[in-house]
Amino acid sequence: MLTSHEITDGLKTRFIGKKLFVFETIDSTNACARLLAETGVENGTIVYAAHQTRGKGRMNRRWLSEKDVNLLFSVVFHPEFAEQKYFLVPLMISLSVVETVRILEPTIALQVKWPNDVLDSDGRKIAGILTELTRTYDDKPRIVAGTGINVNQIDFPENLGSKASSLSVVCGKEFDLRLLFHTLLERIEERYEQIIVAPELLVEAWRSHCTLFNKKVAVEQDQRTVLGIFRDIDSGGAMILEDKKGGKIRILAGDVTTVHY
Ligand code: BTN
(Lines give C-alpha, C1' and ligand atoms only; values in the text may rest on other atoms or scores of the structure.)
Protein backbone atom coordinates (compact mmCIF):
# COMPACT_ATOMS: atom_id res chain seq x y z
CA MET A 1 0.00 0.00 0.00
CA LEU A 2 1.05 3.61 -0.40
CA THR A 3 2.19 5.34 2.78
CA SER A 4 1.26 8.92 3.59
CA HIS A 5 4.86 10.00 2.83
CA GLU A 6 4.74 8.33 -0.55
CA ILE A 7 1.56 10.21 -1.31
CA THR A 8 2.59 13.67 -0.07
CA ASP A 9 6.34 13.74 -0.90
CA GLY A 10 6.79 15.25 -4.33
CA LEU A 11 3.07 15.86 -4.89
CA LYS A 12 2.86 19.07 -6.93
CA THR A 13 -0.63 20.23 -6.04
CA ARG A 14 -1.73 23.48 -4.44
CA PHE A 15 -4.60 22.23 -2.30
CA ILE A 16 -5.48 18.63 -3.12
CA GLY A 17 -3.94 16.20 -0.65
CA LYS A 18 -2.56 18.84 1.71
CA LYS A 19 -4.68 17.06 4.30
CA LEU A 20 -4.55 13.31 3.97
CA PHE A 21 -6.02 10.30 5.79
CA VAL A 22 -4.49 6.91 4.95
CA PHE A 23 -6.02 3.55 5.90
CA GLU A 24 -4.86 0.02 5.32
CA THR A 25 -8.49 -1.14 5.54
CA ILE A 26 -11.64 0.92 5.83
CA ASP A 27 -15.33 0.32 5.12
CA SER A 28 -15.52 3.01 2.42
CA THR A 29 -13.31 6.02 1.75
CA ASN A 30 -16.47 7.89 0.66
CA ALA A 31 -18.25 7.16 3.93
CA CYS A 32 -15.22 8.39 5.87
CA ALA A 33 -14.68 11.45 3.67
CA ARG A 34 -18.34 12.34 4.04
CA LEU A 35 -18.10 12.33 7.84
CA LEU A 36 -14.93 14.40 7.66
CA ALA A 37 -16.57 16.83 5.25
CA GLU A 38 -19.44 17.32 7.66
CA THR A 39 -17.02 18.22 10.46
CA GLY A 40 -15.46 20.87 8.21
CA VAL A 41 -12.14 19.47 6.89
CA GLU A 42 -10.11 21.52 4.39
CA ASN A 43 -10.79 21.77 0.68
CA GLY A 44 -8.94 18.98 -1.13
CA THR A 45 -8.73 16.60 1.84
CA ILE A 46 -8.05 13.05 0.65
CA VAL A 47 -9.06 9.76 2.21
CA TYR A 48 -7.01 6.92 0.71
CA ALA A 49 -7.28 3.20 1.49
CA ALA A 50 -5.48 0.09 0.31
CA HIS A 51 -8.64 -1.94 0.89
CA GLN A 52 -12.36 -1.35 1.43
CA THR A 53 -14.76 -3.77 3.12
CA ARG A 54 -17.89 -1.93 1.91
CA GLY A 55 -16.81 0.02 -1.15
CA LYS A 56 -19.80 1.91 -2.50
CA GLY A 57 -20.74 2.12 -6.16
CA ARG A 58 -23.49 4.10 -7.83
CA MET A 59 -27.12 3.03 -7.59
CA ASN A 60 -26.52 1.14 -4.34
CA ARG A 61 -24.04 -1.22 -5.95
CA ARG A 62 -20.81 -2.39 -4.32
CA TRP A 63 -17.31 -1.54 -5.55
CA LEU A 64 -15.09 -4.59 -5.26
CA SER A 65 -11.34 -4.21 -5.40
CA GLU A 66 -8.41 -6.46 -4.52
CA LYS A 67 -6.25 -5.22 -1.65
CA ASP A 68 -3.15 -3.13 -2.41
CA VAL A 69 -3.15 -3.32 -6.19
CA ASN A 70 -5.62 -0.58 -7.13
CA LEU A 71 -6.33 3.07 -6.33
CA LEU A 72 -9.21 3.82 -3.96
CA PHE A 73 -9.63 7.34 -2.68
CA SER A 74 -12.07 10.16 -2.03
CA VAL A 75 -11.55 13.91 -2.22
CA VAL A 76 -13.57 16.48 -0.26
CA PHE A 77 -14.24 19.61 -2.31
CA HIS A 78 -15.59 22.94 -1.09
CA PRO A 79 -17.43 23.94 -4.27
CA GLU A 80 -16.87 27.58 -5.17
CA PHE A 81 -19.30 27.44 -8.06
CA ALA A 82 -23.05 27.26 -8.67
CA GLU A 83 -24.92 24.04 -7.92
CA GLN A 84 -25.70 23.61 -11.64
CA LYS A 85 -22.01 22.84 -12.15
CA TYR A 86 -21.78 20.11 -9.49
CA PHE A 87 -22.44 17.46 -12.14
CA LEU A 88 -19.19 18.46 -13.82
CA VAL A 89 -17.20 16.96 -10.94
CA PRO A 90 -17.52 13.26 -11.92
CA LEU A 91 -16.89 14.24 -15.55
CA MET A 92 -13.81 16.18 -14.50
CA ILE A 93 -12.43 13.16 -12.63
CA SER A 94 -13.11 10.63 -15.39
CA LEU A 95 -11.43 13.01 -17.84
CA SER A 96 -8.45 13.36 -15.49
CA VAL A 97 -8.10 9.55 -15.29
CA VAL A 98 -8.07 9.29 -19.09
CA GLU A 99 -5.53 12.12 -19.37
CA THR A 100 -3.31 10.62 -16.68
CA VAL A 101 -3.12 7.32 -18.51
CA ARG A 102 -2.42 9.21 -21.73
CA ILE A 103 0.50 10.99 -20.05
CA LEU A 104 1.98 7.79 -18.63
CA GLU A 105 1.15 5.49 -21.59
CA PRO A 106 0.67 7.65 -24.69
CA THR A 107 -0.37 4.73 -26.89
CA ILE A 108 -3.34 3.81 -24.70
CA ALA A 109 -6.62 5.59 -25.43
CA LEU A 110 -9.25 5.08 -22.76
CA GLN A 111 -12.74 6.54 -23.07
CA VAL A 112 -15.01 8.41 -20.71
CA LYS A 113 -18.52 7.11 -20.29
CA TRP A 114 -21.23 9.49 -19.11
CA PRO A 115 -21.64 10.25 -16.31
CA ASN A 116 -18.76 8.82 -14.35
CA ASP A 117 -16.93 5.84 -15.80
CA VAL A 118 -13.69 5.19 -17.61
CA LEU A 119 -13.66 2.32 -20.08
CA ASP A 120 -11.04 0.62 -22.19
CA SER A 121 -11.38 0.54 -25.97
CA ASP A 122 -13.47 -2.67 -25.71
CA GLY A 123 -15.93 -1.03 -23.34
CA ARG A 124 -14.69 -2.78 -20.20
CA LYS A 125 -14.73 -0.72 -17.02
CA ILE A 126 -11.41 0.56 -15.69
CA ALA A 127 -12.60 3.19 -13.21
CA GLY A 128 -15.75 4.46 -11.54
CA ILE A 129 -16.53 7.66 -9.67
CA LEU A 130 -19.13 8.15 -6.97
CA THR A 131 -19.87 11.76 -6.05
CA GLU A 132 -21.96 12.53 -3.01
CA LEU A 133 -23.28 15.84 -1.79
CA THR A 134 -23.38 16.74 1.84
CA ARG A 135 -23.27 19.81 4.08
CA THR A 136 -21.09 20.83 6.99
CA TYR A 137 -22.49 21.18 10.50
CA ASP A 138 -22.83 24.90 9.70
CA ASP A 139 -24.62 24.21 6.39
CA LYS A 140 -21.91 24.76 3.79
CA PRO A 141 -22.09 22.51 0.70
CA ARG A 142 -19.45 19.82 0.24
CA ILE A 143 -18.80 17.39 -2.61
CA VAL A 144 -17.21 14.03 -1.85
CA ALA A 145 -15.75 12.54 -5.00
CA GLY A 146 -14.74 8.89 -4.60
CA THR A 147 -12.69 7.21 -7.28
CA GLY A 148 -11.86 3.55 -7.75
CA ILE A 149 -9.37 2.64 -10.47
CA ASN A 150 -8.50 -0.92 -11.38
CA VAL A 151 -4.76 -0.57 -11.77
CA ASN A 152 -2.73 -3.74 -11.25
CA GLN A 153 -5.55 -6.21 -10.65
CA ILE A 154 -5.46 -9.09 -13.12
CA ASP A 155 -8.36 -11.34 -12.08
CA PHE A 156 -11.92 -10.16 -11.61
CA PRO A 157 -14.91 -11.80 -9.88
CA GLU A 158 -16.79 -14.14 -12.22
CA ASN A 159 -20.05 -12.24 -11.84
CA LEU A 160 -18.43 -9.23 -13.52
CA GLY A 161 -17.90 -11.44 -16.57
CA SER A 162 -15.94 -9.55 -19.16
CA LYS A 163 -17.23 -6.17 -17.99
CA ALA A 164 -14.21 -5.17 -15.88
CA SER A 165 -10.59 -4.64 -16.74
CA SER A 166 -7.55 -2.84 -15.40
CA LEU A 167 -4.75 -0.61 -16.62
CA SER A 168 -2.37 -3.48 -16.21
CA VAL A 169 -4.48 -5.83 -18.34
CA VAL A 170 -4.86 -3.15 -21.02
CA CYS A 171 -1.21 -2.09 -21.09
CA GLY A 172 0.42 -5.43 -20.32
CA LYS A 173 2.60 -3.97 -17.57
CA GLU A 174 2.46 -3.16 -13.90
CA PHE A 175 1.82 0.47 -12.96
CA ASP A 176 3.67 2.45 -10.31
CA LEU A 177 0.76 3.38 -8.01
CA ARG A 178 2.57 6.38 -6.60
CA LEU A 179 3.39 7.94 -9.95
CA LEU A 180 -0.13 7.25 -11.17
CA PHE A 181 -1.67 8.82 -8.06
CA HIS A 182 0.55 11.93 -8.21
CA THR A 183 -0.11 12.48 -11.90
CA LEU A 184 -3.82 11.97 -11.40
CA LEU A 185 -4.12 14.34 -8.44
CA GLU A 186 -2.26 17.01 -10.40
CA ARG A 187 -4.61 16.57 -13.36
CA ILE A 188 -7.66 16.64 -11.06
CA GLU A 189 -6.53 19.90 -9.49
CA GLU A 190 -5.99 21.57 -12.86
CA ARG A 191 -9.31 20.39 -14.27
CA TYR A 192 -11.17 21.20 -11.02
CA GLU A 193 -10.03 24.79 -11.28
CA GLN A 194 -11.45 24.88 -14.80
CA ILE A 195 -14.92 24.20 -13.39
CA ILE A 196 -14.59 27.60 -11.77
CA VAL A 197 -12.86 29.60 -14.52
CA ALA A 198 -13.44 27.85 -17.86
CA PRO A 199 -16.01 25.03 -17.68
CA GLU A 200 -16.48 25.08 -21.47
CA LEU A 201 -12.86 23.91 -21.91
CA LEU A 202 -13.46 21.04 -19.53
CA VAL A 203 -16.66 19.99 -21.30
CA GLU A 204 -14.90 20.23 -24.68
CA ALA A 205 -12.04 18.03 -23.50
CA TRP A 206 -14.46 15.49 -22.01
CA ARG A 207 -16.38 15.37 -25.31
CA SER A 208 -13.19 14.50 -27.19
CA HIS A 209 -12.85 11.26 -25.18
CA CYS A 210 -16.48 10.16 -25.41
CA THR A 211 -17.35 7.64 -28.13
CA LEU A 212 -21.10 7.37 -27.52
CA PHE A 213 -22.27 10.54 -29.23
CA ASN A 214 -24.96 9.98 -31.85
CA LYS A 215 -25.50 6.39 -30.73
CA LYS A 216 -28.84 4.96 -29.66
CA VAL A 217 -28.79 4.44 -25.92
CA ALA A 218 -30.97 3.32 -23.04
CA VAL A 219 -30.60 5.34 -19.86
CA GLU A 220 -31.69 3.33 -16.86
CA GLN A 221 -32.84 5.43 -13.96
CA ASP A 222 -34.34 4.49 -10.59
CA GLN A 223 -37.92 4.21 -11.81
CA ARG A 224 -37.71 4.25 -15.60
CA THR A 225 -35.62 3.64 -18.69
CA VAL A 226 -35.35 6.39 -21.28
CA LEU A 227 -34.46 5.59 -24.90
CA GLY A 228 -32.96 8.02 -27.37
CA ILE A 229 -29.91 9.23 -29.25
CA PHE A 230 -27.08 10.59 -27.12
CA ARG A 231 -26.49 13.95 -28.81
CA ASP A 232 -24.31 15.91 -26.41
CA ILE A 233 -23.59 17.02 -22.90
CA ASP A 234 -24.43 20.57 -21.86
CA SER A 235 -22.38 23.11 -19.93
CA GLY A 236 -23.58 21.62 -16.64
CA GLY A 237 -22.59 18.05 -17.55
CA ALA A 238 -26.16 16.87 -18.24
CA MET A 239 -26.78 14.41 -21.07
CA ILE A 240 -28.82 15.74 -23.99
CA LEU A 241 -30.88 12.87 -25.34
CA GLU A 242 -32.97 13.11 -28.48
CA ASP A 243 -36.20 11.14 -28.26
CA LYS A 244 -38.01 9.44 -31.14
CA LYS A 245 -39.94 12.61 -31.97
CA GLY A 246 -36.76 14.66 -32.18
CA GLY A 247 -37.36 16.36 -28.82
CA LYS A 248 -34.41 17.06 -26.54
CA ILE A 249 -34.40 15.64 -23.01
CA ARG A 250 -31.91 16.78 -20.37
CA ILE A 251 -30.80 13.88 -18.18
CA LEU A 252 -28.82 14.21 -14.97
CA ALA A 253 -28.34 10.63 -13.81
CA GLY A 254 -28.61 7.05 -15.02
CA ASP A 255 -26.82 4.04 -16.41
CA VAL A 256 -26.16 4.20 -20.13
CA THR A 257 -26.03 1.24 -22.51
CA THR A 258 -26.03 1.26 -26.28
CA VAL A 259 -29.09 -0.34 -27.83
CA HIS A 260 -30.52 -1.26 -31.23
CA TYR A 261 -34.20 -0.49 -31.64
C1 BTN B 1 -19.38 3.24 -9.72
O2 BTN B 1 -18.85 3.02 -10.80
O3 BTN B 1 -20.47 2.74 -9.43
C4 BTN B 1 -18.67 4.15 -8.76
C5 BTN B 1 -17.62 3.41 -7.99
C6 BTN B 1 -16.88 4.28 -7.01
C7 BTN B 1 -15.92 3.48 -6.16
C8 BTN B 1 -15.03 4.33 -5.33
S9 BTN B 1 -13.73 3.40 -4.57
C10 BTN B 1 -13.29 4.76 -3.59
C11 BTN B 1 -14.58 5.43 -3.16
N12 BTN B 1 -15.09 4.83 -1.94
C13 BTN B 1 -16.24 4.19 -2.13
O14 BTN B 1 -16.89 3.57 -1.26
N15 BTN B 1 -16.61 4.29 -3.43
C16 BTN B 1 -15.69 5.10 -4.19
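Just follow the structure's listing: the first ligand is 1, and inside any ligand the first atom is 1.
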With atoms numbered from 1 as shown, which atoms in ligand 1 lie under 4.0 angstrom from a non-hydrogen atom of [X]?
X: Phe73; answer: 10 (C)
X: Gly148; answer: 8 (C), 9 (S)
X: Lys56; answer: 5 (C), 6 (C), 7 (C), 13 (C), 14 (O), 15 (N), 16 (C)
X: Trp63; answer: 2 (O), 5 (C), 7 (C), 9 (S)
X: Ile129; answer: 4 (C)
X: Leu72; answer: 9 (S)
X: Gly55; answer: 14 (O)
X: Arg58; answer: 1 (C), 3 (O), 4 (C)

Practice item. May I ask you to check if Lys173 and Phe175 form a cation-pi contact, with NZ or CZ under 6.0 angstrom from the six-membered ring centre and within 45° of the axis? Key: yes
Practice item. Assess Arg61 for proximity to ligand 1: is some non-hydrogen atom of it under 4.0 Å away? Key: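 No heavy atom of Arg61 comes that close to ligand 1.
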**Study point:** Pick from Lys125, Glu132, Met59: the one approaching atom 2 (O) of ligand 1 most closely through a non-hydrogen atom
**Key:** Lys125
Check your understanding: At what distance is the nearest protein heavy atom to atom 11 (C) of ligand 1, and which residue and atom is it?
Key ->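 Protein heavy atom with the smallest distance to atom 11 (C) of ligand 1: Thr29 OG1, 3.2 Å.
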Review point. What protein heavy atom sits nearest atom 9 (S) of ligand 1, and how far off is it?
Key: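 For atom 9 (S) of ligand 1, the nearest protein heavy atom is Gln52 NE2, 3.5 Å.
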Between [X] (side chain only) and [Y] (backbone N and O only), is there a donor and an acceptor less than 3.5 Å apart?
X: His209; Y: Lys113; result: no
X: Glu38; Y: Tyr137; result: no
X: His78; Y: Val41; result: yes
X: Gln52; Y: Thr29; result: yes
X: Asp117; Y: Gly128; result: no

**Study point:** Proximity of Asp117 to ligand 1 by residue part, where a heavy atom lies under 4.0 Å
**Key:** side chain
Review point. For ligand 1, does Ser74 get within less than 4.0 Å through its side chain, its backbone, both, or neither, judged by non-hydrogen atoms?
Key: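 The side chain, only.
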Check your understanding: Looking only at N/O atoms, are Ser28 and ligand 1 under 3.5 Å apart anywhere?
Key -> yes
Practice item. Specify whether Phe77 and Tyr192 have parallel, tilted or perpendicular ring planes, treating 30° as the upper limit for parallel and 60° as the lower limit for perpendicular. Key: parallel
Review point. Between Gln221 and Thr225, is any pair of side-chain heavy atoms under 4.5 Å apart?
Key: no
**Study point:** Name of the residue among Arg250, Arg231, Lys216 meeting salt bridge (Lys or Arg N to Asp or Glu O under 4.0 Å) with Glu242
**Key:**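 For Glu242, the salt bridge (Lys or Arg N to Asp or Glu O under 4.0 Å) test succeeds with only one of Arg250, Arg231, Lys216, which is Arg231.
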Check your understanding: Is any NZ, NE, NH1 or NH2 atom of the basic residue among Glu190 and Arg187 found under 4.0 Å from an Asp or Glu carboxylate oxygen of the other?
Key ->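 Yes, this pair counts.
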